[in-house]
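Worksheet: one structure, shown below.
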Amino acid sequence: MKNIEDIYKNIGSQLNDSIDSSWDKIELNIECSDKYIGTNAKYQINGEWKNALNLALNRETKIDLIKFHNSAKELHFAQWNKAIYTLEKNGHFDMTFEWDQALQDEWNKI
């Protein structure tokens, strides 16, 4: 598994490469389980959010995120199944993680 800094860089690069128009900020929402990963992204220009940024993370990045998700306890990282990656045009980024029990309960039914 790659370290989290490499994963951050890969996500940022893929977000940047996925958009042809001008933008100020991109937000990628991630849902992740031990076998599944889903994403959706949107971008902001001049303070207005535009939905439906067509982005598909590459297979390697998806696998790295699932491995990171599955090894959170060993890495002394809080358990998570949702994350938000925010990238600003100037290169600044942030990634927040959270646990959504209702989402996990839905996955457990499958």
Side-chain angles (χ1 to χ4, degrees):
M1 178 183 80
K2 290 184 178 167
N3 66 43
I4 192 64
E5 290 82 15
D6 288 337
I7 296 171
Y8 290 154
K9 285 173 62 176
N10 287 340
I11 293 171
S13 177
Q14 290 174 65
L15 286 172
N16 188 50
D17 292 347
S18 71
I19 188 166
D20 293 331
S21 64
S22 296
W23 59 278
D24 300 321
K25 186 187 293 187
I26 303 173
E27 184 178 283
L28 174 67
N29 292 287
I30 302 167
E31 292 181 346
C32 189
S33 73
D34 58 345
K35 299 175 190 170
Y36 165 82
I37 188 162
T39 62
N40 65 55
K42 61 184 179 180
Y43 67 97
Q44 188 180 70
I45 179 103
N46 298 324
E48 185 177 330
W49 284 104
K50 309 287 184 182
N51 286 325
L53 177 60
N54 189 13
L55 169 75
L57 292 176
N58 67 36
R59 186 175 189 276
E60 179 183 354
T61 302
K62 288 179 179 180
I63 290 169
D64 287 338
L65 279 167
I66 290 171
K67 286 179 180 178
F68 177 67
H69 169 271
N70 293 344
S71 63
K73 284 183 182 177
E74 294 86 38
L75 298 172
H76 305 288
F77 194 86
Q79 190 176 18
W80 64 280
N81 59 10
K82 284 186 169 183
I84 300 173
Y85 184 101
T86 305
L87 176 65
E88 296 177 15
K89 186 69 172 178
N90 65 9
H92 179 266
F93 74 92
D94 185 43
M95 191 160 180
T96 59
F97 300 89
E98 68 179 67
W99 179 258
D100 182 334
Q101 187 61 50
L103 176 62
Q104 190 63 43
D105 292 344
E106 286 298 314
W107 286 337
N108 290 343
K109 291 179 187 176
I110 298 173

- Query: Donor-acceptor pair, Tyr85 side chain versus Tyr8 backbone, under 3.5 Å?
  - Reply: yes
- Task: Check each of Lys25, Glu88, Glu27, Lys50 against Gln44 using the side chain to side chain contact (heavy atoms under 4.5 Å, CB included) test, and report the only one that passes.
- Result: Lys25
- Query: Under 3.5 Å, is there a donor-acceptor pair between the side chain of Ser33 and the main chain of Tyr36?
  - Reply: yes
- Query: So among Leu28, Asn29, Thr61, which one has a side chain to side chain contact (heavy atoms under 4.5 Å, CB included) with Thr39?
  - Reply: Leu28
- Message: Using the side chain to side chain donor-acceptor pair (under 3.5 Å) criterion, which residues pair with Trp99? Sequence neighbours excluded.
- Response: Gln101
- Item | Worked verdict on Trp23 versus Asn16 for side chain to side chain contact (heavy atoms under 4.5 Å, CB included) | CA-CA 10 Å; Trp23 59 278; Asn16 188 50; 3.3 Å; yes
- Message: Could you work out, with side-chain contact (heavy atoms from CB on, under 4.5 Å) as the rule, every residue matching His76, not counting sequence neighbours?
- Response: none
- Write down the atom of Ala78, the atom of Ala72, and the distance for their closest heavy-atom approach. O-CB, 3.9 Å
- Item | CD1 on Ile30 to NZ on Lys62, rounded to 0.5 Å | 11.0 Å
- Non-neighbouring partners of Leu103 that pass side-chain contact (heavy atoms from CB on, under 4.5 Å), sequence neighbours left out: Glu31, Asn81, Lys82, Asp100, Trp107
- Message: Just so I know, are the side chains of Leu65 and Ile11 near enough to count as touching, which here means a heavy-atom distance under 4.5 Å?
- Response: yes
- Distance (rounded to the nearest 0.5 Å) between Asp17 CG and Asn58 CG: 10.5 Å
- Item | Separation between CD of Glu74 and CZ of Phe68, rounded to the nearest 0.5 Å | 11.0 Å
- Item | Straight-line distance of Ile19 CD1 to Lys89 NZ, nearest 0.5 Å | 7.5 Å
- Can you measure from CG (Leu87) to CG (Asp24) and round to the nearest 0.5 angstrom? 11.5 Å
- Test side-chain contact (heavy atoms from CB on, under 4.5 Å) applied to Glu106 - qualifying residues, sequence neighbours left out: Lys109
- CG of Asn10 to CD of Glu5, rounded to nearest 0.5 Å, is 12.0 Å
- Applying side-chain contact (heavy atoms from CB on, under 4.5 Å), name anything that partners Thr96, two or more places apart in sequence or on another chain. Ile84, Asp94
- Heavy-atom count around Lys9 NZ within 6.0 Å, excluding the residue itself: above 12? no
- If you group Ile, Leu, Val, Met, Phe, Trp and Tyr by side-chain heavy-atom gaps below 4.5 Å, do Phe77 and Ile66 land in one group? yes
- Is there a side chain to side chain contact (heavy atoms under 4.5 Å, CB included) between Leu75 and Ile4 once you walk through the steps? CA-CA 11 Å; Leu75 298 172; Ile4 192 64; over 6 Å; no
- Task: List for me each residue that meets side chain to side chain donor-acceptor pair (under 3.5 Å) alongside Asn70, sequence neighbours excluded, and say none if there are none.
- Result: none
- Task: Evaluate the side-chain proximity of Ile7 to Met95: yes if any heavy-atom separation is below 4.5 Å, no if none is.
- Result: no
- Any side-chain donor-acceptor pair under 3.5 Å between Gln104 and Asn108? yes
